[in-house]
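For reference, the structure discussed in these notes is given below.
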Amino acid sequence: MDESMRIHDGLYVLAAVIVPYEYADEHRAALRALLLGKQPRLHWRDERPKRRLEITQAVAALHPNTVIVIVIGTRLMPAKQRRARRKCLERLLWHLTCRDVSRVVMEATER
């Protein structure tokens, strides 16, 4: 699960990738293999177009039973970012519950 805020566009986006439990380690290993040198994590905004293509191809080659769920909050007001995050998270977790997801892993925010 990951998030993105587009304050200038008034958008808050939360996305989750649902992976069958037995394939989770395989997915993690495939993503870690894409790290360059001492790169701590993959982040789309930090990658050049050629690398983005490589990452996209690697993700597309993963287990085909993967499901992606995306929730988008609109009319985001900069002063209400926490509320937007909370509301989108509530909705995304509801969708995941409807798909019988029992475990969610989120990237930690850096402060």
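Nothing fancy with the numbering, it's 1 onward along the sequence.
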Next on the checklist: Starting from Leu62, can I reach Val101 by hopping between I/L/V/M/F/W/Y residues whose side chains sit under 4.5 Å apart?
Outcome noted: no
Checklist outcome for this item: side chain to side chain contact (heavy atoms under 4.5 Å, CB included) filter on Thr74, not counting sequence neighbours, yields Leu11, Ile72
Checklist entry - By salt bridge (charged side-chain N to carboxylate O under 4.0 Å, His left out), which residues pair with Asp25, not counting sequence neighbours? => result Arg28
Item to check | Pairs satisfying salt bridge (Lys or Arg N to Asp or Glu O under 4.0 Å), at least one member in residues 59-75, at least two apart | outcome: none
Checklist outcome for this item: In terms of heavy-atom contacts, Cys88 and Gly73 come closest through SG-N, 3.6 Å
Checklist entry - Would you say Val13 and Val71 make side-chain contact, with heavy atoms under 4.5 Å? => result no
Item to check | Rounded distance (nearest 0.5 Å) linking atom NE2 of His95 with atom CG of Leu93 | outcome: 10.5 Å
Item to check | Residue pairs passing the salt bridge (Lys or Arg N to Asp or Glu O under 4.0 Å) test where at least one lies in residues 93-106, sequence neighbours excluded | outcome: none
Item to check | Test side-chain hydrogen bond (donor to acceptor under 3.5 Å, both in side chains) applied to Ser4 - qualifying residues, sequence neighbours left out | outcome: Arg6
Item to check | For Val17, side chain to side chain contact (heavy atoms under 4.5 Å, CB included) partners two or more places apart | outcome: Val19, Thr66, Ile68
Checklist outcome for this item: So CD1 of Ile70 and CG of Leu14: to nearest 0.5 Å the spacing works out to 10.5 Å
Scan the side chains in residues 44-61 for donor-acceptor partners under 3.5 Å anywhere in the protein, sequence neighbours excluded, and list what turns up.
from, atom 1, to, atom 2, distance (Å)
Glu47, OE1, Arg51, NE, 3.1
Glu47, OE2, Gln39, NE2, 2.8
Arg51, NH1, Leu34, O, 3.0
Arg51, NH2, Leu34, O, 2.7
Arg52, NE, Trp44, O, 3.1
Arg52, NE, Glu47, O, 3.2
Arg52, NH2, Trp44, O, 3.0
Thr56, OG1, Arg52, O, 2.7

